[in-house]
Amino acid sequence: MPTVDIDPDELRELTGSEEKGDEELKDDLFGLGLEFEGRTEEGSFELEFAPDRLDRLSVEGVARSLRYQYGDARGIHVPSPNSAEWSIEVDDSVPDERPYVTGAVIRDVDLDDEALESLIQLQEKLHATMGRKRAKGAIGIHDLTMLKGTAATEGNPTIQYVGLEPDEDRFVPLDSDAEMTPADVLEDHQTGQTYADLVSEYERYPAIYDDIGLFSFPPVINGRRTEVSTDSRDLFVEMTGTDQWTIDKMLNIVCYALSARGATIEEVNVEYPDHEVVRPDFATKTKTVAHDRIETILGIGLDPEEVIDLAERSGLEADREENDAGDLVYEVTIPPYRVDVLHPLDVIDDLGRAYGFNDLEPRYPDVGTVGGRHERSRLERAAREQLVGLGFEDLLNFHMISEAENYDRLDISPGDDAYGAGEPATIKEPYSEDFTMLRTWVMPSLLMVLERNTHRAYPQNLAEIGFAANVDESENTGVAEGRRVGAVLAHHEAGYEDAKARLQALTRNFGVDLETPPTDHPTFISGRTAAVVIDGEEVGVIGEVHPKVLVKHDLEVPVSAFEFDLEALR
């Protein structure tokens, strides 16, 4: 788990609780979910924090949460930023791989040694977590007095976010006394070597200019000219990344931390070639939470006034309403710095912490139960045992796959009217091109195993009961998930009848009715393919794999296969 270093004396000062001893402070922090892991050499608390609460990556954020816990702060605080005096102009030359930028001006901040150290730690921790080691978002903080902006639109001084050739310009990076090109930085500078892989494949490198010249090479390093020190009072914060939402939320967290130091936030106009936005974006969002669900999850009875009080002590705001069914619900408003509230359960967790989980009285359940396998697990185990009894080897494959393996090599496309051709649930930032989505059916995985085992003897009869998913807006999560039963038979005489005989035996053992009306499916041979209909519902497909699919997998023997939804056997 990630940790953050917090000076207890500074924490007491920011919370106005100088009378609290270290042990009492540790107990209060534990109530927030921050576990004490020890002390640093400087005497700071080393705290393990939940990685979803990124607003607590600094002493300012932790102090804010404690003030709410103590009741010294209530409800939502949203800073009122001053109107923009600076603009960021995004040039067409910016690399497509890193197209987004955001920013804010911070004025009248008091940066003593402790505050500057906290700001640097917040920057580093946001890079490591939300910024995905700067790949998704990178933060640059500059001394505003060292910038000179050219007056552009509306007379605002403007800096430019551009793309430049690796050796096109020079600047003095941090921790250096010599002018270097961006290419030199990646090759010769220690920080540049660390983050070179983020931009080394770009045709043009990201760069930020003011009227004097190049002063930032994101996401790698800032220039020495704009270095922030304890003498800095006005700051320019810029962030670049691959996703606008991510860098905007990172900016909000930084702005709230500096606002806690008495700073004034000032907006910045961000001018893209085709549109303009004003940042920071301090818009709030809402979640609807049912009163009954709060009581059910927490296991306690609460009056509506108590729920509203708990919400305000969590840094939220709750308005009492009734839904269309006449049930009591709350419209809960979420502050701009909270990036973790994705579901009503996240709100209920906050309410529980405000109430105090340690204050919940344990009680015996109304009905005594004995632990055992879930019905779904029993069904899966029974089906797996039946498949093994029918001569199949049981497999366990990765749930992640690539679009090419899931669709192209089986001759289907997303959205086709064919089993397994659902819209994919994709990964925004995949770590490998081989694992970019959740598979929509298990057949691709089975054929990949056959492809990797062409050097082994036949027959190869393989089966898997595995996870599959596809996008479905009717689901609460937006993704429909399920377990699939898939099987392949690979040998010189494999045919439709061979697969159907085993499918019939499997369904007969579960006491369900099987029908196999003819159908067409691009993965299988026309005229040798049927739908799997169990108890009157179409739940899968069976057939002989098409030769062109076999060729794509370098298979030289016939393959027959079937796949259907596990729940159909229930």
Give a yes or no answer on whether the side chain of Thr477 reaches the backbone of Val479 with a donor-acceptor pair at less than 3.5 Å. yes

In short, side-chain hydrogen bond (donor to acceptor under 3.5 Å, both in side chains) pairs touching residues 391-401 with sequence neighbours left out are Arg384-Asp394, Asn397-Glu464

Should Ser445 and Phe398 count as side-chain neighbours, where that means a heavy-atom distance under 4.5 Å? no

Return yes if a side-chain donor-acceptor contact under 3.5 Å exists between Ser58 and Glu60, otherwise no. yes

Testing the basics here: between Val471 and Pro424, what is the closest heavy-atom pair and its distance to 0.1 Å? CG2-O, 3.2 Å

Establish, from distance only, whether the side-chain atoms of Arg98 and Thr242 form a donor-acceptor pair under 3.5 Å. no

Sequence neighbours excluded, the answer for salt bridge (Lys or Arg N to Asp or Glu O under 4.0 Å) partners of Arg508 is none

Could you measure the distance from the CD atom of Glu405 to the CE atom of Met443? Nearest 0.5 Å is fine. 14.0 Å

Charged N-O contact under 4.0 Å between Lys249 and Asp281: no

Whether the side chain of Thr440 engages the backbone of Gly420 through a donor-acceptor N/O pair (distance < 3.5 Å, no angle test) should be reported. yes

Between Met250 and Trp245, is a side chain to side chain contact (heavy atoms under 4.5 Å, CB included) present by the stated rule, with each step listed? CA-CA 9 Å; Met250 291 170 66; Trp245 183 91; over 6 Å; no

Is the closest basic N to carboxylate O distance between Asp535 and Arg570 below 4.0 Å? no

Partners of Ala421 by side chain to side chain contact (heavy atoms under 4.5 Å, CB included), sequence neighbours excluded? Ile412, Asp416, Ala418

Check side chain to side chain donor-acceptor pair (under 3.5 Å) between Glu403 and all other residues, then give those that pass, not counting sequence neighbours. Thr436

Looking only at heavy atoms, what is the nearest atom pair of Pro304 and Leu328, with distance? CG-CD2, 3.7 Å

List in chain and number order the residues that pass salt bridge (Lys or Arg N to Asp or Glu O under 4.0 Å) with Glu24, two or more places apart in sequence or in another chain; answer none if no residue qualifies. Lys20

Could you check whether Asp350 and Tyr68, counting side-chain N and O atoms only, form a donor-acceptor pair closer than 3.5 Å? no

Which residues pass the salt bridge (Lys or Arg N to Asp or Glu O under 4.0 Å) test with Arg483, sequence neighbours left out? Glu380

If we count only N and O atoms by modelled type, under 3.5 Å, do the side chains of Thr15 and Asp72 hold a donor and an acceptor together? no

Any chance the side chains of Asp248 and Tyr100 put a donor and an acceptor closer than 3.5 Å? no

Taking NZ, NE, NH1 and NH2 as the nitrogens, is one of them in Glu375 or Arg378 under 4.0 Å from a carboxylate oxygen of the other? yes

Donor-acceptor pair, Asp565 side chain versus Ala568 backbone, under 3.5 Å? no

Donor on one side chain, acceptor on other, Thr288 and Glu331, under 3.5 Å: yes

Test your reading of the model: is there a side-chain donor-acceptor pair from His546 to the backbone of Lys548, 3.5 Å cut-off? yes

Under the 3.5 angstrom rule, does the side chain of Glu321 hit a backbone N or O of Val329 as a donor-acceptor pair? no

Say whether, by atom type as modelled, one donor and one acceptor occur between the side chain of Thr523 and the main chain of Leu410 under 3.5 angstrom. yes

Is a salt bridge present between Asp498 and Lys500, judged by a nitrogen-to-oxygen distance below 4.0 Å? no

Could you give all pairs that pass the ring pair (Phe, Tyr, Trp, His ring centres under 6.0 Å) test and reach residues 491-536, with sequence neighbours left out? Trp441-His521, His521-Phe524

Pairs involving residues 295-304, ordered by first then second residue, that meet side-chain hydrogen bond (donor to acceptor under 3.5 Å, both in side chains) (sequence neighbours left out): His291-Glu295

Check the side chains of Asn470 and Glu423 for a donor-acceptor pair under 3.5 angstrom, ignoring hydrogens and angles. no

Quick one: list whatever passes salt bridge (Lys or Arg N to Asp or Glu O under 4.0 Å) with Glu451, sequence neighbours left out. Arg409

Please enumerate all residues that pass side chain to side chain contact (heavy atoms under 4.5 Å, CB included) together with Phe392, with sequence neighbours excluded. Leu387, Leu390, Asn461, Ala463, Ala487, Leu489, Arg502, Phe562

Does a side-chain heavy-atom distance below 4.5 Å link Leu29 with Leu11? yes

Using a cut-off of 6.0 Å, state whether more than 12 heavy atoms not belonging to Lys133 lie near its atom NZ. no

Please tell me if the side chains of Ile542 and Thr529 come closer than 4.5 Å, counting only heavy atoms from C-beta onward. no

Are any of the side-chain heavy atoms of Arg484 and Ile465 separated by less than 4.5 Å? no

With sequence neighbours left out, write down each residue that passes side chain to side chain contact (heavy atoms under 4.5 Å, CB included) with Glu317, or none if nothing qualifies. Ile76, Thr333

Within this structure, what is the OG1-NZ distance for the pair Thr246 and Lys136, rounded to the nearest 0.5 Å? 3.5 Å

May I ask you to check whether over 12 heavy atoms, not counting those of Glu556, lie within 6.0 Å of atom CD? no

Is the backbone of Leu342 close enough, under 3.5 Å, to the side chain of Asp346 for a donor and an acceptor to pair up by distance? yes

Suppose the criterion is ring pair (Phe, Tyr, Trp, His ring centres under 6.0 Å): which pairs have a residue in residues 337-356, not counting sequence neighbours? Tyr256-Tyr337

Tell me, yes or no, whether the heavy-atom count around Tyr70 atom OH, taken from other residues, nucleotides or ligands under 6.0 Å, exceeds 12. yes

Strictly distance-based, threshold 3.5 Å: is any side-chain N or O of Asn453 a donor or acceptor partner for the main-chain N or O of Val449? yes

For Asp359, does the CG atom sit with more than 12 other heavy atoms under 6.0 Å from it, leaving out its own atoms? yes

Pair Phe36-Phe30, ring-ring contact (aromatic ring centres under 6.0 Å, His included): steps then yes or no: CA-CA 7 Å; Phe36 179 75; Phe30 186 77; over 10 Å; no

Donor-acceptor contact present, side-chain Ser377 to main-chain His374, <3.5 Å: no

Donor-acceptor contact below 3.5 Å, side chain Arg528 vs main chain Glu544: no

Contact summary for Asp554 and Thr454, nearest pair of heavy atoms: O-CG2, 3.7 Å

